[in-house]
Amino acid sequence: MLDIKFIRENSDKIKEVCEKKGIELDIDYLLSLDKKRRDLIKKSEGLRFQQKKLGKEERKKAKDIKDDFKKIKTELKKIEEEYEKLMLLVPNVYSDDTPIGPDESGNKEIYRWGKVPKFDFPIKDHIQLGKDLDLIDFEKGVKVSGFRGYFLKNEAVLLQLGLIMHAILKMSAKGFKLMITPTLLKEFTLIGSGHFPVGKEDIYQVANPGKLADGNFIKEPLFLTGTAETPLLAYFSGTTFKESDLPIKVCGFSPCYRSEIGSYGKDTKGLYRLHEFVKVEHIVFCKNDNKESDQWLEKMKLNSQEILEDLGLPYRVIQICSGDMGAGKRKMYDVETWMPSRNSYGETHSASNMTDWQSRRLNIKYKDSKGEIKYVHALNDTVVAMPRILIPILECYQRKDGKIDVPKVLQKYLGFKKIPSSDVRI
RNA sequence: GGAGGAGUCGGAUAAUGGUAUUCCAGCGGCUUGCUAAGCCGUGGCGAUUUGUCGCUUGUGGGUUCGAAUCCCACCUCCUCCGCCA
């Protein structure tokens, strides 16, 4: 959400942002609602003032005012509902260096690391490797969980747990507070992170939200989050920090659920696009300053890159263009990792500067040195998302003999250097 | 699964239908000086013609000239019994 004053004063800019982000929104209508809203607030407050004054003196006259007041109040409520609905749709202004483009074709590669592996034998994809080495079972996954279901088995389990440990310990050493977050979330959290109202169809809603201690059903719907970003942000909703508390740095681990309704028929095979996965995510709150939050975005992006360099996986960094970034974002990078079976890079990380677009929705503020209350800037980025990252690991580290080397950085967590490892077989 | 309570500023607390009290903490200022003390100011949100005005007692409604107080729904917490990874 943006400041309505900012929208009033920069309506042409906002209209341009809507156009370049591919968002259809009638800003003039929003501004007309805003005008009506303020008129009605003035009227209703004036009546309330008189009513309160008269209430003490003359009760009959106060009663007459009450009817007018009620009428205005009803009208105001209607306008405000419409106004608030639109305010949630107003996109954030993208940074000056964001490429302008209609969709992913406008994204820009800005960095490349690592040597793409060359194989002198016919390679297998991770699906084949997973089957041959008994690491992934898609057939049983679909049988038990349905489309896009999967089981990880044996060394793949340890690989995933090792990756989590590596990521968590690394972020902890960098001064991030650690959390394991809930994934069953109330609606306000998803409005807060910006996944609602647009994008609602990608979030699962729980049909039976459960019972309370007193035996009654919970009436408020619950949703399964698609990322730990949402609960991490909502953890701090309603908080006013001291400026000296900033930056707030938190690293969260959670399962993630995505219906992928907009992606039917896309990436239907393998570990790439799944309904449920797990992810280590990190967020930062900093001062309300574009320069500072953009610097944090660079630092966070480097954390993602560092993980891939630890794993020895070749990657590239993409700067996302206006038309491919979400409504709430000011600036966004994807990091893509080399996936031999695709013969290309595939997205494994995503870093975004949301500025105060989320913190306004969630009411996350700080008192600056002058005593002024401001909204924090919020950023989020992947540390490691699994099992998608197993695709490049399994495929890049495969050997001619059909075995797979374990990336060196993970060996201490797994206790073996190659897959299969007799150590974990029963 | 059963029974009963409770939600007032960061913490504590008063107000049983008459317009939210007091204390502590924090922050700002002042005074006195000796290991600190005292005094004054200070919640948040919104509108504004910058004078102010409105809202804010968990949330949303209702009754009323007037609601923290009465009614309805929701959210949350606590106590006791039972069950449970």
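We use all heavy atoms of the structure for the numbers below, so side chains are in, but hydrogens, waters and symmetry mates are not.
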Just label G54(B) as syn or anti from its O4'-C1'-N9-C4 or O4'-C1'-N1-C2 angle, using within 90° of 0 for syn.
anti

Answer yes if the side chains of [X] and [Y] hold a donor-acceptor pair under 3.5 Å, and no otherwise.
| X | Y | answer |
| --- | --- | --- |
| S95(A) | T98(A) | yes |
| R361(A) | Q358(A) | no |
| S341(A) | E395(A) | yes |
| S350(A) | D334(A) | yes |

Need the pair for [N]. Rule: Watson-Crick or G-U wobble, both distances under 3.5 Å, any strand; none if unpaired.
| N | answer |
| --- | --- |
| G66(B) | none |
| C34(B) | none |
| C53(B) | G46(B) |
| G28(B) | C40(B) |

Pick the nucleotide of RNA chain B nearest each of K242(A) and K367(A); which residue has the one closer to the 5' end?
K242(A)

Let me know, please, whether G371(A) or I41(A) comes out on the 5' side of the other along RNA chain B by nearest nucleotide.
G371(A)

Would you measure the distance from the [atom1] atom in [N] across to the matching atom in [M] and give it in whole Å?
| N | M | atom1 | answer |
| --- | --- | --- | --- |
| G7(B) | U16(B) | P | 14 Å |
| U59(B) | U22(B) | P | 23 Å |
| G66(B) | U19(B) | C1' | 8 Å |

A correct 5'-to-3' footprint of nucleotides 48-61 of chain B, with B, S and - meaning base, sugar-phosphate only and no protein heavy atom under 4.0 Å, is S----BBS-----S

Can you tell me if K36(A) touches the phosphate of A47(B), counting only side-chain N or O atoms and a distance under 4.0 Å to OP1 or OP2?
no

Look at K35(A) together with D39(A) and state whether they make a salt bridge at an N to O cut-off of under 4.0 Å.
yes

So what does K370(A) hit on the nucleic acid, given a heavy-atom distance under 4.0 Å: a base, only sugar-phosphate, or nothing?
nothing

If you look at every strand shown and take non-hydrogen atoms under 4.0 Å, does I373(A) touch a base, only sugar-phosphate, or nothing?
sugar-phosphate

Among the nucleotides A47(B), U76(B), C45(B), which one has an atom lying closest to any side-chain atom of K365(A)?
C45(B)

Suppose we call two aromatic rings close when their centres sit under 6.0 Å apart. Are Y366(A) and F285(A) close by that rule?
no

Which word best sums up how the rings of F236(A) and F241(A) line up, parallel for under 30°, tilted for 30 to 60°, or perpendicular for over 60°?
tilted

